[in-house]
2 protein chains.
Amino acid sequence: MIYSIGQLSKLAQCKIPTIRYYEEIGILDKATRSTGNQRQYTQAHCERLNLICHSRALGFSLKEIKQLIKLQNGQFDSGQKSHSIVQSHLTDVRNKIAKLKELELQLLTLVEQCHQSETSDCLCVSALK
Amino acid sequence: MIYSIGQLSKLAQCKIPTIRYYEEIGILDKATRSTGNQRQYTQAHCERLNLICHSRALGFSLKEIKQLIKLQNGQFDSGQKSHSIVQSHLTDVRNKIAKLKELELQLLTLVEQCHQSETSDCLCVSALK
DNA sequence: CTTGAACCTCTAGTTACTAGAGCTTGTAGA
DNA sequence: TCTACAAGCTCTAGTAACTAGAGGTTCAAG
């Protein structure tokens with residue numbers, strides 16, 4: 001299964017120039033090229049790109065994402081170093097989850113406020129059920 | 001309770017130039033100034049800054065954060081518009097939570113792999129208990 | 001008063017995209 | 001085969017969000 005950059009863009013919900021950028025900086029493996037010099041991506045590229053984009057949307061830097069990719073590829077440094085990297089990411093993830101749950105509660109509070117401020121016009125509460 | 005920019009920086013875990021940047025673009029209210037022209041921040045500033053920094057760390061853009069702040073200040077547009085903004089953010093938050101939980105699982109898998117690849121040197125498993 | 005830390009503004013650089021110009025390739029239809 | 005349009009290419013430069021450093025001022029402690 002071979003994808004053009006446009007197809008990959010749609011699959012991974014990631015803009016074409018961004019994909020080129022990721023390839024240029026090395027976080028996404030270089031694509032092979034057709035005889036017309038067009039990029040040819042594989043399913044593995046697609047999965048990698050999904051990981052990158054989701055992690056970016058969650059606030060991880062590209063540097064952090066690179067670390068994760070290395071670890072997922074089984075490229076472990078010394079046990080202690082990999083351990084501290086994984087541990088650090090895990091702590092970060094759990095902090096983000098906690099913070100997002102707080103934010104969720106705040107947004108639900110806003111729903112209530114929105115309902116109270118414009119009872120006749122606001123469909124917030126019914127829409128959330 | 002009045003804070004200098006350095007104090008606020010420590011409280012909110014946010015760099016001084018970033019605080020200045022946020023004030024300049026208007027996402028953080030302007031501080032009053034001392035007779036020596038130094039910024040004087042309040043507890044309210046501190047709470048606002050916490051919201052901004054946490055939201056940034058979670059991958060929200062400053063534009064999105066501005067929207068949230070407006071809503072929290074009770075500045076509602078028409079009911080339909082505020083509803084769709086809140087709904088959109090709530091959906092985003094829930095998606096991020098789901099994605100983070102996936103990532104957490106992946107990291108826990110990495111813990112196992114790390115353990116298997118370097119059993120004698122790796123303290124991952126015991127450290128997580 | 002002196003000294004060093006913390007503050008100020010301003011300029012410019014870094015990271016992470018994003019847009020557009022000008023060109024080539026691929027594909028569908030006539 | 002030709003034409004037209006969509007999708008691809010590289011390159012330059014701009015935007016968003018910080019970040020660093022220069023050169024100066026203010027503050028606080030000794």
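What you see is a predicted model, and the numbers here were worked out from it, not measured in a lab. Letters A, B, ... mirror the listed sequences (proteins, then strands); counts begin at 1.
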Indicate whether the side chain of B/His89 and that of B/Gln67 have a donor and an acceptor atom separated by less than 3.5 Å.
-> yes

Of B/Arg33 and B/Lys10, the one whose nearest nucleotide on DNA chain C sits closer to the 5' end is B/Lys10

Using a cut-off of 4.0 Å on non-hydrogen atoms, how would the nucleic acid contact of B/Ile16 be classed: base, sugar-phosphate, or nothing?
-> sugar-phosphate

Along nucleotides 19-27 of chain C, 5' to 3', which nucleotides get a B, which get an S, and which get a -, given that the test is a protein heavy-atom distance under 4.0 Å?
-> ------SS-

Can B/Ile2 be reached from B/Ile19 by stepping across I, L, V, M, F, W or Y side chains whose heavy atoms are under 4.5 Å apart?
-> no

Any sub-3.5 Å donor-acceptor pair from A/Arg94's side-chain atoms to A/Ala98's backbone N or O?
-> no

Side-chain (A/Thr18) to main-chain (A/Cys14) donor-acceptor, under 3.5 angstrom | no

B/Arg39 side chain N/O closer than 4.0 Å to the phosphate oxygens (OP1, OP2) of D/dT26?
-> no

Do B/Gln7 and B/Tyr41 have side-chain atoms, one donor and one acceptor, less than 3.5 Å apart?
-> no

With a 4.0 Å heavy-atom cut-off, tell me which residues in residues 49-64 of chain B come close to DNA chain D, sorted by residue number.
-> B/Arg56, B/Ser61, B/Leu62

Report yes if a side-chain nitrogen or oxygen of A/Thr18 is closer than 4.0 Å to either non-bridging phosphate oxygen (OP1 or OP2) of C/dT18; otherwise report no.
-> yes

A/Ser9 (side chain) donor-acceptor with A/Ile5 (main chain) under 3.5 angstrom | no

Will you find, in the side chains of B/Glu102 and A/His54, an N or O donor that is under 3.5 Å from an N or O acceptor?
-> no

Using a cut-off of strictly less than 4.0 Å, decide whether A/Tyr22 has a side-chain nitrogen or oxygen near OP1 or OP2 of C/dC17.
-> yes

Give the rounded distance in Å between these two atoms: OH of A/Tyr21 and P of C/dT14.
-> 12 Å

Scan residues 15-26 of chain B for pairs that pass salt bridge (charged side-chain N to carboxylate O under 4.0 Å, His left out), counting only residues two or more places apart or in two chains.
-> B/Glu23-B/Arg39

